[in-house]
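Data block below; observations after.
Remember, it's 1-based here, ligands and their atoms both numbered in the order they're listed. Heavy atoms only: backbone and side chains are in, while hydrogens, waters and symmetry mates are out.
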Amino acid sequence: MAMESLKREIRQLLLERRAVMLAHNYQRDEIQEIADHTGDSLGLSQIAAEADADVIVFCGVHFMAESASILSPEKTILLPRMEAGCPMADMITPDGVREMRERYPGGAVVAYVNTSAAVKAVSDVCCTSGNAVNVVMSLPADVEPAIMIPDQNLAKYVADQVDREVVWWDGYCPIHHQYTAQDVLEVKRAHPDAVFAAHPECRPEVLALADHITSTSGMYTFARDTDAKVIIVGTEQGVLYRMRKENPAKTFIPLSEDMICPNMKITTLEDVRDALVTMEPVVKVPEEIRVKAVKALERMLAVPRD
Ligand code: 13P
Ligand code: SF4
């Protein structure tokens, strides 16, 4: 009951503030339930760029709120918990990008959106798990190699899909990278009729066992369209909420009960309410960084989904 009145309070505050609430697919169930839009990193950045609102409450992690600030500098971007970060995004700095450029002078830097605004500002183009193959294919033919940062697993997956040279930074997502082929085989043994959908942040040996490799939003389409009745889900557990709601006749098995991103789960309804009341904490990318970073993000948004 207390939760229901909190949800009503948030919806009322959203109206009063002319605010839109965005939630990543990994957020807590109750946050996803009342958000105006849920989505993957690509979908949410498209919505952030187009939303007709004065305020965006971003329920996700810091780099996502930064992307919203880069694309919509006139809007107030609230990140209800400022400490919600992404350990993989912290694995590369602008100095790391410069190092890669020195090593590969003819290349173009393709920055996963899971990077800071400062890193985006020194990159050529961004990508997400939903468009990485098309972004790399969209690079001019004389650019060689594609320098993918910071996720080695996404880069190796893309390298497998494209007919051009790809090199990478050796970052990784601690949540996805911890699982091995052995873990997948154990779950498959327990569910022999299941299909396996995996996020490209998983290790190559895990992806080699997948029936489908896709972004978090791509997983919903796969869950709906597959004839299989049991689906093993190789990504953070937040996606299970909508998968189960939309497919009541199917069974969804997490690759592991521990596949949870603490940063994505830190934001509560109380935090969202407090952010809308106090209009804090605000994420605002400094203009000198923003004008450079926006080029990489806009170049990405011009490329279609994979
Ligand atoms: P998506 O872009 O697929 O939503 O992934 C974001 C992310 O942080 C995955 O760990
Ligand atoms: Fe970052 Fe991994 Fe969490 Fe995604 S799941 S926000 S990549 S730590």
- [ ] Could you tell me which residues satisfy side-chain contact (heavy atoms from CB on, under 4.5 Å) with A296, sequence neighbours excluded, listed by chain and number?
- [x] C126
Open item on the list: Below a 4.0 angstrom heavy-atom separation, can you tell me which part of E236, side chain or backbone, both or neither, approaches ligand 1?
Closed with: neither
Any idea which atoms of ligand 1 are less than 4.0 Å away from a heavy-atom of [X]?
X: S41; value: 1 (P), 2 (O), 4 (O), 5 (O), 6 (C)
X: Y26; value: 7 (C), 9 (C), 10 (O)
X: N114; value: 7 (C), 8 (O)
X: S215; value: 3 (O)
X: E201; value: 7 (C), 9 (C), 10 (O)

Open item on the list: Any atom of ligand 1 sitting under 4.0 Å from a heavy atom of H176?
Closed with: yes
More than 12 foreign heavy atoms under 6.0 Å from [atom1] of [X]: is that the case here?
X: K156; atom1: NZ; answer: yes
X: K188; atom1: NZ; answer: yes
X: Y179; atom1: OH; answer: yes

- [ ] Would you check if there is a donor-acceptor pair between the side chains of S217 and N25 at a distance under 3.5 Å?
- [x] yes
Open item on the list: Does any N or O of ligand 1 fall below 3.5 Å from an N or O anywhere on T216, backbone included?
Closed with: yes
Open item on the list: For the 3.5 Å polar cut-off, considering only N or O atoms, please tell me whether S129 and ligand 1 meet it.
Closed with: yes
Task: For M21, the option from V55, I34, L13 that meets side-chain contact (heavy atoms from CB on, under 4.5 Å) - done: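 It is I34; the other options fail the test.
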Task: Residues lining ligand 2 [heavy-atom distance under 4.0 Å, listed by chain and residue number] - done: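 These residues qualify: Y26, C86, P87, M88, N114, C173, I175, E201, C261, M264.
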TODO: Name all residues meeting the salt bridge (charged side-chain N to carboxylate O under 4.0 Å, His left out) criterion together with E99; count only those two or more places apart in sequence or in a different chain, and write none if there are none.
DONE: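 Applying salt bridge (charged side-chain N to carboxylate O under 4.0 Å, His left out) to E99 gives R103.
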Task: Nearest protein heavy atom with distance in Å, relative to atom 5 (O) of ligand 1 - done: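 Protein heavy atom with the smallest distance to atom 5 (O) of ligand 1: H199 NE2, 3.3 Å.
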- [ ] State, yes or no, whether a side-chain contact exists between T38 and Q27 at a heavy-atom distance under 4.5 Å.
- [x] no
Task: Heavy-atom donor-acceptor pair, K229 side chain to A249 backbone, under 3.5 Å - done: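 Pair absent, no side-chain N/O of K229 close to backbone of A249.
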TODO: Could you list who else is in M100's hydrophobic cluster, with ILVMFWY side chains joined at under 4.5 Å, directly or through other members?
DONE: I92, V97, Y104, V109, V119, V122, I147, I149, V167, W169
TODO: Give the C-alpha distance, both sets of side-chain angles, the deciding distance and a yes or no for side chain to side chain donor-acceptor pair (under 3.5 Å) between Y26 and T235.
DONE: CA-CA 9 Å; Y26 292 162; T235 195; 2.7 Å; yes
